[in-house]
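Have a look at the structure below before the remarks.
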Amino acid sequence: MKILLLHSDFIKYELVRKEIDLAEESDVKEESLKDLAVLFTCIEAGDHDETVSRAAEEVKETLNNLKVDRVLVYPYAHLSGNLAKPAEALKLIRLLAERIRALGFEVHRAPFGWNKSFSISVKGHPLAEQYMSITPAKEEGAEEKVPEALKAEEKQESKWFILDLDGRLIPVEKFDFTGHENLRKFADYEIRKSRVVDMVPPHVELMRRLEIADYEPGSDPGNLRWYPKGALIKSLLEEYVTDKVIEYGAMKVETPVMYDFEHPSLSRYLNRFPARQYIVKSDDKEFFLRFSACFGQFLMAHDAQISYRNLPLRMYELTKYSFRREKRGELVGLRRLRAFTMPDCHALCSDLEQAKEELLRRFRLSKQILTDGLELDEEDFELAIRFTRDFYEKNGDFVRRLVKEMGKPALIEEWEDRIFYFTLKWEFNFIDNLGKASALSTDQIDVENAERYGITYVDKDGEKRYPLILHCSPSGAIERGIYSILEKAYKKQMKGGVPSLPLWLSPTQVRLIPVSDEYLDYTEKLADQIEAEKIRVDIDDRELTVQRRVYEAEHEWVNYIVVVGGREKASGVLKVRDRVNRRIIELTVQELIEEVRSKVKDKPFKPLPLPRRLSARPRFFG
RNA sequence: GCCCCGGUGGCUCAGUGGGUAGAGCGGCAGCCUCGUAAGCUGUUGGUCGCGGGUUCAAAUCCCGCCCGGGGCUCCA
């Protein structure tokens, strides 16, 4: 509870309008009082009867000193950023007035819940203005575990720049964003200019309509359910990213999802990471659910025998899941979750030179995964680089090198001091249809954790040394990858294009529609032929008109739609509706197979996640 | 976390000066056997998010909670 006490000659206030439903009724619209103490009062979350009693006592003491016997309790929200709920606040403010009255004072109260105007004349003596803060007595264990880094982040001041291709570091407000609209949106988002959008994010509607994923009311918010089509898309992406990271040279490992809160290295690291955790109790121990693969991999590296010859040492894990208890209001669809799938790749490096070289390789790897795998265009994502001033002063060339690799200007955030465990961090950020930015790929140079976890390698001279650790998620969370694919598709649709999924991720790549039952057998044979070439093909055998089935295939974003009837059976030539290019082309089965194979190339393949015949499929949504 | 908006059949939504719930789509049944973006008819289906309160009577009013969306300026 906060109270600003003003010893006043007079106060006059007027009710303007009700601010909340709970506002107190009042017959008097205007009130003025003389020779009194005005108590601007605000009730904070956690205040209770006992807080009120102590406040009343403190007020009494002050009033006695001032020799005042008249007070006005004036509800005033602005004294705190941590307000109690209105109903509770009203209750306690009434109670406060009663308590003060019970101590023998004349108590007036300004109605709660109104926007009011007031004029006040405050006496000039030294004790006329007093501020009181009454905090509730601590209840055992009531305090939430908030990491130090979270608190630090709120205090940290950042400087924002754009680093252009010529290596100029330009303060954001002076940069000409012409031709860099996406970067402007990104900068606006990061520096938190207010946005006025009021719609359900497009990808949320799509993820449900396309039966990819959905909210699961039976779980904690931000923990989703994945329908067969979504599970397919997700596991294809997982496989793709994993293959790419192994190709780059990482060793794939697996580590537990929960860790002991009391483990010395872990508890210190927790305090350096800006996220809240899920807590799991088992017997009398507390565990937290991992929010990345760091713990498992670091503990593994701690116990390993590592020579400088083994560096850079690359370890990879697909964390399914990583858990972060994000604030309730932050959760949205596939963009921000509490349980998500994150590829996490660490690299132990001997020194900064090796780290920079490695970072560059991973930068290229990440870019390839976004453009080749997610099929994002380079205009779809923006580069952000964040570093401490000191790092930039010593490694400016390297930072400029990253921007050159990107091929367009990047947003820069500079910190005066190092509050996190890293000195440099870069990200690729996707900007969605509501102007919101989300980090996809990212990498960091960690200068703290090797020491914290006791991770060492032996150098040429036989000396134990601490390596630098890079933390990279080459794609970002898999869910977020799907979010960006869907948002991109919607963006395309808004520009008059055909929304679609990358062909290799499409649950149905080819749909066959027999004109009648008569051709079902023939259609099945075609499907067998196509399926044998690792193409997901299905058959819409439902008793609907051809037109209707084509309509639904379009709606489902099926890439190739083939109507099968007598003409096809006779000639062997298929009329293939190429949805993305809005045309109908004539192809033999073999040519159709080649068309699809030439586009998916060597991407991972998994079979159709549903019965081949649509008549045998349930509907999960809609 | 706080504020605002929303939650009615599987989906999209209508229905609030309190009087016992509707439509379209889907599902099911039937007709139609169909040639590239919604064929026709019938029928099924609802603890009106959950809990409490007010009332003779609550989807509707009040309180709390849960879930979704948006915002974090304002607000005692």
Side-chain angles (χ1 to χ4, degrees), chain A residues 1-2 16-24 39-46 73-94 96 109-116 144 146 192-201 204-205 208-209 211 214-222 276 325-333 434 436 498 511-520 540 542-556 558 560-568 574-579 582-585 618-622:
Chain A
M1 179 183 305
K2 303 273 193 277
V16 178
R17 66 186 172 93
K18 282 188 183 179
E19 285 290 351
I20 52 175
D21 292 342
L22 224 67
E24 290 180 275
L39 305 180
F40 288 107
T41 305
C42 106
I43 308 294
E44 297 176 286
V73 176
Y74 192 111
Y76 198 69
H78 314 276
L79 296 170
S80 172
N82 181 28
L83 298 174
K85 290 183 181 173
E88 186 66 14
L90 175 54
K91 195 183 104 194
L92 293 181
I93 230 162
R94 281 179 168 151
L96 177 69
R109 207 161 57 74
F112 181 94
W114 290 76
N115 175 237
K116 299 182 280 284
E144 198 190 2
V146 178
R192 294 188 199 291
K193 298 207 173 138
S194 71
R195 303 169 305 279
V196 192
V197 237
D198 189 8
M199 65 184 283
V200 178
V204 173
E205 232 155 282
R208 306 171 83 186
R209 215 207 76 219
E211 296 188 312
D214 207 342
Y215 296 115
E216 176 50 76
S219 182
D220 194 44
R276 293 172 171 82
R325 238 187 68 238
E326 303 288 4
K327 289 193 238 170
R328 183 65 192 74
E330 295 272 322
L331 303 171
V332 197
L434 308 185
K436 300 202 172 192
V498 179
R511 171 154 305 157
L512 304 179
I513 301 178
V515 293
S516 72
D517 292 352
E518 201 184 325
Y519 302 100
L520 195 50
D540 192 346
R542 294 173 303 168
E543 293 199 6
L544 298 168
T545 60
V546 168
Q547 228 186 160
R548 173 59 179 264
R549 286 177 286 168
V550 169
Y551 166 83
E552 290 196 13
E554 283 279 348
H555 221 58
E556 248 185 275
V558 171
Y560 295 96
I561 304 164
V562 186
V563 176
V564 181
R567 300 204 279 268
E568 287 69 24
L574 307 176
K575 281 197 171 166
V576 179
R577 191 181 171 100
D578 174 0
R579 179 171 166 275
R582 287 180 169 146
R583 56 176 187 175
I584 293 181
I585 44 179
R619 204 176 251 260
F620 289 98
F621 182 86

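Chain A is the first sequence line, chain B the second, and so forth, proteins listed ahead of strands; every chain is numbered from 1.
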Which nucleotide sits closest to the side chain of [X]: [options]?
X        : options             : value
A:Ser516 : B:G35, B:U12, B:U33 : B:U33
A:Tyr551 : B:A38, B:U36, B:G35 : B:A38
A:Leu434 : B:G70, B:C34, B:A37 : B:G70
A:Phe621 : B:G35, B:G39, B:C11 : B:C11

Salt-bridge contact A:Glu568-A:Lys575 (side-chain N to carboxylate O under 4.0 Å):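 A:Lys575 and A:Glu568: not salt-bridged.
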Using Watson-Crick or G-U wobble geometry with both distances under 3.5 Å, which nucleotide pairs with [N]?
N     : value
B:C40 : B:G30
B:G1  : B:C72
B:U55 : none
B:U20 : none
B:U60 : none

Given [N], is OP1 or OP2 found less than 4.0 Å from the side-chain N or O atoms of [X]?
X        : N     : answer
A:Arg548 : B:G39 : yes
A:Lys436 : B:G71 : yes
A:Arg549 : B:A37 : no

[X] [atom1] - [N] [atom2] separation (whole Å):
X        : N     : atom1 : atom2 : value
A:Arg582 : B:U36 : CZ    : P     : 19 Å
A:Glu326 : B:G1  : CD    : C1'   : 14 Å
A:Ile561 : B:A37 : CD1   : P     : 9 Å
A:Lys327 : B:C72 : NZ    : P     : 12 Å
A:Glu205 : B:C13 : CD    : P     : 8 Å
A:Tyr215 : B:G49 : OH    : C1'   : 16 Å
A:His555 : B:G26 : NE2   : C1'   : 13 Å
A:Arg208 : B:G69 : CZ    : C1'   : 11 Å

Pick base, sugar-phosphate or nothing for [X], based on heavy-atom distances below 4.0 Å to the nucleic acid.
X        : answer
A:Gly333 : sugar-phosphate
A:Glu543 : base
A:Glu556 : nothing
A:Leu331 : sugar-phosphate
A:Arg577 : base
A:Val332 : sugar-phosphate
A:Val563 : base

message: For A:Arg619 and A:Glu211: C-alpha separation, side-chain torsions, deciding distance, then whether side-chain contact (heavy atoms from CB on, under 4.5 Å) applies.
response: CA-CA 9 Å; A:Arg619 204 176 251 260; A:Glu211 296 188 312; 4.2 Å; yes
message: If you assign A:Gly565 and A:Thr545 each to the RNA chain B nucleotide with the nearest heavy atom, which residue ends up on the more 5' nucleotide?
response: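 So the residue in question is A:Gly565.
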Nearest-nucleotide 5' precedence on RNA chain B, A:Leu544 against A:Pro221: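 Going by which nucleotide is closer to the 5' end, it is A:Leu544.
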field: Least distance between heavy atoms, A:Thr41 atom then A:Leu96 atom
entry: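 Where A:Thr41 meets A:Leu96 most closely, the heavy atoms are CG2-CD2, 3.9 Å.
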- prompt: Any idea which heavy atoms bring A:Glu552 and A:Leu544 closest together, and the distance?
  reply: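 Heavy-atom minimum between the residues: OE2-CD1, 4.4 Å.
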task: Indicate yes or no: at least one non-hydrogen side-chain atom of A:Tyr560 is less than 4.5 angstrom from one of A:Asp578.
output: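 In short, these two side chains touch, coming nearer than 4.5 Å.
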What distance, rounded to whole Å, do you find between the two [atom1] atoms, one in [N] and one in [M]?
N     : M     : atom1 : answer
B:U8  : B:G46 : P     : 15 Å
B:G27 : B:U60 : P     : 33 Å
B:C28 : B:G45 : P     : 15 Å
B:G26 : B:C62 : P     : 38 Å
B:G9  : B:C3  : C1'   : 32 Å
B:C25 : B:U43 : P     : 14 Å
B:G24 : B:C40 : P     : 12 Å
B:C13 : B:G18 : C1'   : 23 Å

So, the side chain of [X] versus the backbone of [Y]: is there a donor-acceptor pair under 3.5 Å, distance only?
X        : Y        : result
A:Arg548 : A:Glu543 : no
A:Arg577 : A:Glu554 : no
A:Tyr215 : A:Gly333 : yes
A:Arg549 : A:Asp540 : yes

Please determine whether any donor N or O and acceptor N or O are separated by less than 3.5 Å between the side chain of [X] and the base of [N].
X        : N     : value
A:Gln547 : B:C34 : no
A:Arg567 : B:G35 : yes
A:Arg579 : B:A37 : no
A:Glu330 : B:G1  : no

task: Start with the C-alpha distance between A:Leu39 and A:Tyr74, add both sets of side-chain angles, then the distance that settles side-chain contact (heavy atoms from CB on, under 4.5 Å), and finish with yes or no.
output: CA-CA 6 Å; A:Leu39 305 180; A:Tyr74 192 111; over 6 Å; no
query: Within a reach of under 6.0 Å around CD of A:Glu216, are more than 12 heavy atoms found that belong to other residues, nucleotides or ligands?
result: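 Atom CD in A:Glu216 is crowded, with more than 12 foreign heavy atoms closer than 6.0 Å.
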Distances under 3.5 Å only, N/O to N/O: pair up the protein atoms with those of nucleotides 40-48 of chain B.
none

